[in-house]
Amino acid sequence: MIASVIVDIKHKEINQVFDYFVPDTEVETIKRGMRVIVPFTDHNIERLGLVVELKNESDAATKTIKEVIDLTPILSDEFFILLDEMLKVPNTLIASAIEAMIPNDMLMYYIKKITLLDEENVDTELKSIFNTKNEFILKKKDQNLYPKLRRLEEKGYVKIETILTPKVKKEYITYLILKNGSLVKTDRHKEIVSHFDGRYKILKKELVEIYGSSSIKTLIKNGCLEELDILKRLEDETTERLELKPLKDKLQKPFNEIEFNQFNTYLIEGMNEDSRTFIQHAVRKIIDQGQQVLVLVPEKFMVDHYIDLFKEGFKDVLVVGISSDQTYKERYLNQESLLDNDARIAIGTRLSVFTQFKNLGGIFILFSHDEAYYPFEGLYYDPFKLLTLRAEINQIPLFLNTHTKTLNDFYQIDLGNYTYIDLKKDNFDTKITLVDMKEELKLGNTKMLSHVLREKIDEALTLNKNSLLVLNQKGLSRFVMCRSCSHVPKDPATDIPLNYIEKTGMLRSNLTKYQEHFTKTCPICGKDSMKPVGAGIELLKTYLNKVYPNETIIQIDKDTLSSKETYEIIKNTTLKDRKIFIGTQMALKSLFKDKISLVGVLLADSFLKLPRFDANEVGFKILNDAKHIAKDDLVIQAYDSNHFVLSALSSEDIFYKAELSNRKVSKLPPFNELLQIRISAESYLRVHQYAHILKNKLALENIQVLGPIDATPLKLENHYRVLLLMKYQKIEESVKSLLVSTKEFNIDINKNITWY
DNA sequence: AGCACGCCGACT
DNA sequence: GTCGGCGTGCTC
């Protein structure tokens with residue numbers, strides 16, 4: 001029997017299966033999804049592998065599996081379907097995809113242990129690194145010693161071993177059980193035995209504390225007591241069951257129509273009291289069926305908040321969080337309790353799409369419009385696709401909850417793929433004010449805050465209420481805009497704002513070859529008022545400190561605060577809080593709901609004119625985030641105050657329809673998928689030639705390709721780089737094979753379309 | 001020659 | 001990720 005194995009080496013040259021003979025003793029027991037240890041390379045180094053297929057014949061197999069680690073598969077069929085989905089993205093490293101799916105206590109790492117055999121022939125300096133047992137564990141910082149040690153090994157002076165170690169040390173709690181009480185002789189021992197008083201087991205720690213370790217040791221030795229190791233588990237702190245607020249009459253009907261035991265996607269639009277009760281009832285129903293619930297939130301800092309919230313509403317069940325902030329051990333404990341069905345609610349960020357459950361009964365994605373669900377670096381996967389697959393496989397409902405549906409949501413509802421549950425509030429009482437900054441300029445106000453916003457902030461302060469001022473993230477790709485007529489130079493072919501490259505003083509398109517020189521003079525109104533956009537949050541802080549020297553000003557962004565700190569700030573914020581918050585769009589992430597009186601969006605243009613194909617939708621989402629959390633007032637300051645998206649805030653359907661038809665014409669998502677390809681090589685000419693060849697080959701596969709264009713920067717680490725943009729419905733294997741690196745040309749791919 | 005370093009190709 | 005094999009360049 002042959003096993004096809006993926007080895008845990010994340011490298012494009014090893015991105016394939018390797019066939020091994022299955023030892024006769026394991027033929028009956030080995031299954032797909034089990035971990036194995038296999039010999040690898042000439043030296044037969046031991047590596048951890050995962051069995052992905054079992055078959056009867058192979059031309060390639062030459063070596064035999066050394067050891068099968070697991071008794072049962074650690075990845076079920078469900079996860080192999082997810083794996084297939086992840087591998088649809090070209091050049092995805094199989095080992096990385098598997099690593100993301102495997103519970104982290106099943107992962108291993110490798111250490112090198114060096115033993116000193118011959119002290120005579122090793123110089124004193126080197127000798128000093130060994131401990132008293134003449135052993136030494138090679139650390140990252142000691143890598144430079146390795147070649148020397150290898151030479152010493154050849155001569156037989158030292159021994160080098162590579163040891164596979166689990167990443168998580170499982171923790172056991174030791175209990176003592178009374179084996180044979182009649183064996184005791186001394187009074188003290190009798191006392192210990194009587195301490196059991198009918199109980200089956202007692203914590204060893206407890207007994208040692210009272211009677212000391214030596215007498216306990218003796219009792220174990222003469223067979224009176226016996227040790228019992230039990231895997232440490234999460235403490236179950238659950239109490240009585242709380243009755244939920246009853247569903248309002250108008251929520252009854254949509255609730256009753258939910259099919260809890262089959263797959264369907266429900267889009268709940270509206271994040272308010274109604275949607276909260278609705279979701280709580282759905283969660284309750286799933287728990288009462290004896291099943292488990294997975295809840296996804298977009299940001300790490302939200303995990304704790306929702307754990308608290310769910311713990312409050314469901315006091316009778318165990319709620320666990322899944323976050324990369326947790327230690328391996330914490331995650332392991334949570335995972336174990338989910339596998340035992342002890343924990344019923346799991347709350348996590350996108351990495352929790354791979355969490356294993358005993359009996360998953362429903363998936364909830366909160367703030368489902370949020371961009372943060374998509375990985376922007378490292379391994380790419382689409383959490384929505386993966387969770388849809390999981391829901392389908394398990395025949396359970398998938399709930400999306402958002403305050404504003406996305407373009408894709410709108411499209412899917414239209415296609416009939418989503419069941420739409422409208423819980424939006426009809427009476428919306430936040431006052432929205434649009435400020436035309438061109439007018440402010442005419443009035444001689446060159447400051448960051450308009451008159452209107454200043455007044456609103458003052459008003460909030462006198463009422464002891466808080467405000468939040470939002471600016472776009474610093475360092476994001478910048479564009480230029482005329483301060484007097486709000487003209488933005490755009491790529492004539494794609495209508496996407498041109499990037500301002502400060503170094504060269506050029507304006508460049510992201511997607512096509514187009515570029516032009518930056519000039520201060522506006523081609524439309526002729527005034528010398530063209531300026532790069534992208535003022536910093538620091539500038540705003542300095543300015544506010546000057547204007548409001550006696551007020552508390554708090555900065556909220558990912559760079560300055562950890563997720564715990566962010567959560568603490570949000571938790572302790574109340575509407576009646578005389579404070580001014582400033583932050584990036586991060587601060588608009590909606591946990592601030594009902595906690596902020598006034599939201600001011602400064603330079604909304606920078607949110608609306610991002611150099612991306614979905615700039616309008618991203619801008620629309622951000623403004624809706626702001627609308628969602630602003631309790632009393634929302635002030636939007638923009639130079640281009642007639643921007644399509646600004647008007648869309650009050651006429652959403654028009655926005656969806658117009659934007660969707662644009663996307664259809666331009667063959668953009670949700671009608672097509674996009675993929676950026678970056679080709680790099682030492683020769684500029686060759687890399688361009690190759691890009692054209694690749695483009696033609698892809699055209700033969702019926703894939704539309706835009707480009708090539710030069711990447712920014714064009715030359716990096718002695719390699720010239722160009723970009724292609726692919727529009728496609730589906731990627732066949734033949735296409736994937738075109739997108740692999742060769743000796744001369746390196747190919748990277750990006751599903752997020754963020755390269756320029 | 002001996003050693004240090006860096007690059008390349010292969011791995012079932 | 002890790003090895004050997006190779007080339008290069010430095011030093012005794």
Side-chain angles (χ1 to χ4, degrees), chain A residues 1-24 26-27 30 32-69 87 91-100 102 106-114 121-123 125-126 136-167 378-379 680-683 717-719 740-747:
Chain A
M1 194 195 250
I2 308 290
S4 295
V5 172
I6 296 291
V7 187
D8 73 336
I9 297 173
K10 292 168 274 181
H11 191 96
K12 58 187 175 200
E13 301 290 326
I14 318 282
N15 200 24
Q16 62 174 97
V17 294
F18 291 93
D19 288 351
Y20 285 88
F21 296 111
V22 177
D24 293 341
E26 301 285 356
V27 168
I30 196 164
R32 176 170 84 150
M34 285 183 181
R35 291 172 301 161
V36 289
I37 291 174
V38 291
F40 202 63
T41 73
D42 311 338
H43 233 235
N44 288 335
I45 321 156
E46 289 175 9
R47 293 299 310 200
L48 181 69
L50 186 87
V51 179
V52 293
E53 198 192 340
L54 290 165
K55 53 191 182 184
N56 291 321
E57 279 174 40
S58 165
D59 301 335
T62 55
K63 298 182 185 176
T64 308
I65 288 173
K66 181 166 180 268
E67 191 186 336
V68 180
I69 302 178
L87 295 180
N91 292 359
T92 302
L93 296 177
I94 311 171
S96 304
I98 289 176
E99 189 190 68
I102 293 183
M106 303 289 181
L107 295 172
M108 304 264 201
Y109 69 97
Y110 299 81
I111 55 168
K112 282 212 172 68
K113 194 174 93 180
I114 295 137
N121 288 297
V122 175
D123 61 80
E125 200 189 325
L126 197 62
F136 166 64
I137 305 289
L138 194 75
K139 309 257 175 26
K140 261 235 168 68
K141 61 172 166 67
D142 304 316
Q143 283 299 324
N144 58 332
L145 294 175
Y146 193 57
K148 199 170 179 182
L149 290 165
R150 284 290 311 272
R151 255 169 270 127
L152 294 172
E153 187 197 21
E154 267 171 42
K155 291 178 187 153
Y157 301 156
V158 299
K159 187 172 76 183
I160 302 178
E161 292 165 285
T162 304
I163 304 170
L164 262 168
T165 332
K167 278 194 177 169
L379 176 70
S680 49
E682 279 179 27
S683 154
E717 284 162 4
N718 220 16
H719 282 256
V740 294
S741 301
T742 64
K743 250 181 265 175
E744 192 179 355
F745 303 104
N746 192 52
I747 294 186

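To find a chain, count down the sequence lines: A is the first, B the second, and so on, and within it residues start at 1. Just so it is clear, the model here is predicted, and its values are computed rather than measured.
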> Hey, does Ile14(A) reach any base, or is it just sugar-phosphate, or nothing, if we go heavy atoms under 4.0 Å?
Replying inline: base
> So what does Lys743(A) touch, heavy atoms closer than 4.0 Å: a base, only the sugar-phosphate, or nothing?
Replying inline: sugar-phosphate
>> When you compare the side chain of Phe18(A) with that of Gln16(A), does any pair of heavy atoms fall below 4.5 Å?
In response: yes
>> I'd like to check Arg47(A) versus Asp8(A) (side-chain heavy atoms, cut-off strictly below 4.5 Å). Are they in contact?
In response: yes
> So, the side chain of Asn746(A) versus the backbone of Ser741(A): is there a donor-acceptor pair under 3.5 Å, distance only?
Replying inline: no
> For Lys112(A) and dC3(C), what is the distance between atoms NZ and P respectively, to the nearest whole Å?
Replying inline: 5 Å
> dG1(C), dC3(C), dT12(B): which one has an atom nearest the side-chain heavy atoms of Ala60(A)?
Replying inline: dT12(B)
> Looking across every strand, which nucleic acid part, if any, lies under 4.0 Å from Tyr109(A) by heavy atom: base, sugar-phosphate, or nothing?
Replying inline: nothing
> Roughly, in whole Å, what's the span from CG in Leu138(A) to P in dG1(C)?
Replying inline: 15 Å
>> Expressed as a whole number of angstroms, how long is the span from Phe40(A):CZ to dA10(B):C1'?
In response: 9 Å
>> Expressed as a whole number of angstroms, how long is the span from Ile9(A):CD1 to dA10(B):C1'?
In response: 11 Å
>> Rounded to whole Å, please give me the gap between CD in Glu46(A) and C1' in dG1(C).
In response: 15 Å
>> I need the NE2-C1' distance between His11(A) and dC7(B), as an integer number of Å.
In response: 13 Å
> Is any side-chain heavy atom of Ile65(A) less than 4.5 Å from a side-chain heavy atom of Ile30(A)?
Replying inline: yes
>> Heavy atoms from C-beta onward define the side chain here; which of dC3(C), dT12(B), dG1(C) lies closest to that of Phe18(A)?
In response: dT12(B)
> To the nearest Å, how far apart are Asp19(A) CG and dT12(B) P?
Replying inline: 11 Å
>> Surrounding CD of Glu161(A) (heavy atoms of other residues, nucleotides or ligands, distance under 6.0 Å), is the total greater than 12?
In response: yes
>> Whole angstroms only, please: what is the CG-C1' distance between Leu164(A) and dT2(C)?
In response: 14 Å
> OP1, OP2 of dG4(C) versus side-chain N and O of Arg150(A): anything below 4.0 Å?
Replying inline: yes
